[in-house]
Amino acid sequence: MAKNSVQLVEVGLRDGLQNEMQPLAVKERIEFAEKLIEAGLRRIELGAFVREDRVPQMAGSEQITTNILQKYGRKIKGSVLVPNEIGMLAALQTPVKDVAVFASCSESFSRKNINCSIEESFSRFENIFRLAKKNRIKVRGYLSTCFACPYEGNVSSKKVVELARRLYKMGCYEISIGDTIGVATPGEVKKLFKQLKKVIPVKNLAGHFHDTRGMAVANIYAAFQEGVRVFDTSLGGLGGCPYAPGSAGNVATEDAVYLLDGLGVKTGISIEKLVEIHHWAEEKMKKELPSRVGRIGRLNPLGKVSGPAIAL
Ligand code: HMG
Ligand code: MG
């Protein structure tokens, strides 16, 4: 990856929609993915192979993944979330070549989210890795509750570093560090990534910041300053985790692109197209989405560039 560029992993179709009351039909989710690709997104999480009775919003992930990957082939890197061997076997019925496993840094969140202990979740990953190797599939790793747990409170950074290293050693090509409930502040983000970089090359780390307290953009900037060049974002700021009550969605893709454009960092993503998708998604979701950049765009309603250029 070029030094002055960042990859955004669009998680709106998974992390975004999994926690929305208004479900989107398979046809609409395919349209959503197509619009994101047209806007320049190249890494897109297309769905999750989890229990449909627990996360009904993810039903139909197989059809979406197959449809998009058959249409766009190698133009994009589409990935899906898999919690265990059953999910992995379902993913293998699609053309997907990139899956993501997910573990937690706190026992209570692990139990609520995936119904097993942290240790059991790692043993489930062994079967996933075996199948991945056999089928030449890349595995990404998410680590949840890296700053705090909704049930246990503070999480020690030592634990986060230990588990991130374990995922890396198992073979995850990238470890996404999750602020699941959106509590982190930039100073904490810098501190944690400084520790992580001692055991995992920074090119193999990503930031996954939920925007519950409005700190996610600042946290991206803090991690960027530590050399992180991959961030997970969700169009409009959609979503959250069904097992992290009260938590907001991921940082909005529009907000991240606005920040990075301003820094002169390349993403290959058109903010104007994201704004169009924002309005499309608001109609589909029948509600206002959190991203203010998405609502107003780069230009203010009078068609002038907003920000200091006109404020002075
Ligand atoms: P379990 O209940 O422990 O599974 O589920 P089990 O092995 O005991 O099996 C029970 C039944 O579930 C069986 O069916 C299995 O076949 C079935 P039965 O025999 O009773 O008819 N089953 C499955 N069905 C479909 N797909 C599967 C699957 N596995 C078993 N993969 C499981 C374990 C993890 C599947 C379940 O607890 C689950 O689906 N949880 C939902 C997890 C989830 O989607 N959470 C949100 C995503 S994670 C997240 O948002 C955080 C992240 O964004 C990072 C961050 O922000 O921190 C990634
Ligand atoms: Mg998340």
### Message
Tell me every residue that passes salt bridge (Lys or Arg N to Asp or Glu O under 4.0 Å) with E283, counting only those two or more places apart in sequence or in another chain.
### Response
none
### Query
What distance do N219 atom CG and F147 atom CZ have between them, rounded to the nearest 0.5 Å?
7.0 Å
### Task
Could you tell me whether the side chain of E28 and the main chain of A25 form a donor-acceptor pair under 3.5 Å?
yes
### Query
Could you walk me through whether D232 and R43 pass the salt bridge (charged side-chain N to carboxylate O under 4.0 Å, His left out) check?
CA-CA 9 Å; D232 303 340; R43 291 184 64 178; over 6 Å; no
### Task
Check for a donor-acceptor pair, side chain of E45 on one end and backbone N or O of V11 on the other, with a separation under 3.5 Å.
no
### Query
Can you name the one residue among R51, R14, E52 that meets side chain to side chain contact (heavy atoms under 4.5 Å, CB included) with M58?
R14
### Task
Identify whether the distance between the nearest side-chain nitrogen and carboxylate oxygen of K287 and E282 falls below 4.0 Å.
no
### Task
Classify the angle between the aromatic ring planes of F193 and F209 as parallel (below 30°), tilted (30 to 60°) or perpendicular (above 60°).
perpendicular
#### Entry: Donor-acceptor contact below 3.5 Å, side chain N19 vs main chain G249
no
Which atom pairs, one a donor and one an acceptor, fall under 3.5 Å between side chains of residues 129-137 and the rest of the protein, sequence neighbours left out?
{"from": "R130", "atom 1": "NH2", "to": "E85", "atom 2": "OE2", "distance (Å)": "3.4"}
{"from": "R130", "atom 1": "NH2", "to": "N127", "atom 2": "OD1", "distance (Å)": "3.4"}
{"from": "N135", "atom 1": "ND2", "to": "L131", "atom 2": "O", "distance (Å)": "2.8"}

### Message
I need the minimum non-hydrogen distance between V26 and G60, along with the two atoms involved.
### Response
CG2-CA, 3.9 Å
### Query
Is there a donor-acceptor pair under 3.5 Å between the side chain of Q57 and the backbone N or O of E20?
yes
Please report, to 0.1 Å, the donor-acceptor pairs under 3.5 Å made by any side chain of residues 68-79, with sequence neighbours excluded.
{"from": "K71", "atom 1": "NZ", "to": "E34", "atom 2": "OE2", "distance (Å)": "2.5"}
{"from": "K71", "atom 1": "NZ", "to": "N67", "atom 2": "OD1", "distance (Å)": "2.9"}

### Message
Would you say L81 ends up clustered with L89 if hydrophobic residues are merged whenever their side chains have heavy atoms under 4.5 Å apart, either directly or through other cluster members?
### Response
yes
### Query
Distance only, no hydrogens: is a donor on one side chain within 3.5 Å (strictly under) of an acceptor on the other, for E152 and S108?
yes
### Carboxylate-amine/guanidinium contact E174 K203, below 4.0 Å
no
### Message
Whether R29 and E62 form a salt bridge (side-chain N of Lys/Arg under 4.0 Å from carboxylate O of Asp/Glu) is what I want to check.
### Response
no
### S176 side chain to Y142 backbone, donor-acceptor under 3.5 Å
no
### Task
Tell me whether the guanidinium CZ or amine NZ of K112 lies under 6.0 angstrom from the six-membered ring centre of Y151 and within 45° of its axis.
yes
### Query
Do the side chain of T267 and the main chain of V6 share a donor and acceptor less than 3.5 angstrom apart?
no
### Query
So is R140 actually on top of Y173's ring, under 6.0 Å and inside 45° of the axis?
no
### Task
Kindly compute the distance separating CG (L41) from OG1 (T233), expressed to the nearest 0.5 Å.
6.0 Å
### Message
Does the Lys NZ or Arg CZ of R166 fall within the cation-pi geometry relative to F122 - under 6.0 Å from the ring centre and within 45° of the axis?
### Response
yes
#### Entry: Worked verdict on M170 versus E126 for side chain to side chain contact (heavy atoms under 4.5 Å, CB included)
CA-CA 8 Å; M170 276 186 109; E126 280 166 23; 3.9 Å; yes
### Query
Between CG of N4 and CG of L263, what distance do you get to the nearest 0.5 Å?
9.0 Å
### Query
Do I269 and F224 share a hydrophobic cluster, counting only Ile, Leu, Val, Met, Phe, Trp and Tyr and linking them when any side-chain heavy atoms are less than 4.5 Å apart?
yes
### Query
Between V101 and V139, does a side chain to side chain contact (heavy atoms under 4.5 Å, CB included) hold up when you go through it step by step?
CA-CA 7 Å; V101 295; V139 183; 3.9 Å; yes
### Check: M88 main-chain N/O paired with N84 side-chain donor or acceptor under 3.5 Å
no
#### Entry: Main-chain N/O of C105 paired with T145 side-chain donor or acceptor, under 3.5 Å
yes
### Query
When rounded to the nearest 0.5 angstrom, what distance separates OG in S234 from CG in D15?
6.5 Å
#### Entry: Straight-line distance of C146 SG to K159 NZ, nearest 0.5 Å
12.0 Å
### Query
Could K266 and D261 be called an ion pair, given the rule that one side-chain N must be under 4.0 Å from one carboxylate O?
no
### Task
Check for a donor-acceptor pair, side chain of E254 on one end and backbone N or O of I271 on the other, with a separation under 3.5 Å.
no
### Task
Spell out, as yes or no, whether a donor-acceptor pair under 3.5 Å connects the side chain of S123 to the backbone of E120.
yes
### Task
Find the distance between CD1 (I177) and CG (L163) and round it off to the nearest 0.5 Å.
9.5 Å
### Task
Tell me yes or no: between the side chains of E107 and S117, is some donor less than 3.5 Å from an acceptor?
no
### Task
Scan side-chain atoms only and decide if E188 and T185 contain a donor-acceptor pair under the 3.5 Å cut-off.
yes
### Message
Taking the basic N atoms (NZ, or NE/NH1/NH2) and the acidic carboxylate oxygens, is any pair closer than 4.0 Å for R213 and D179?
### Response
no
### Message
Does atom CZ (R54) have a neighbourhood of more than 12 heavy atoms from anything else shown, all under 6.0 Å?
### Response
yes
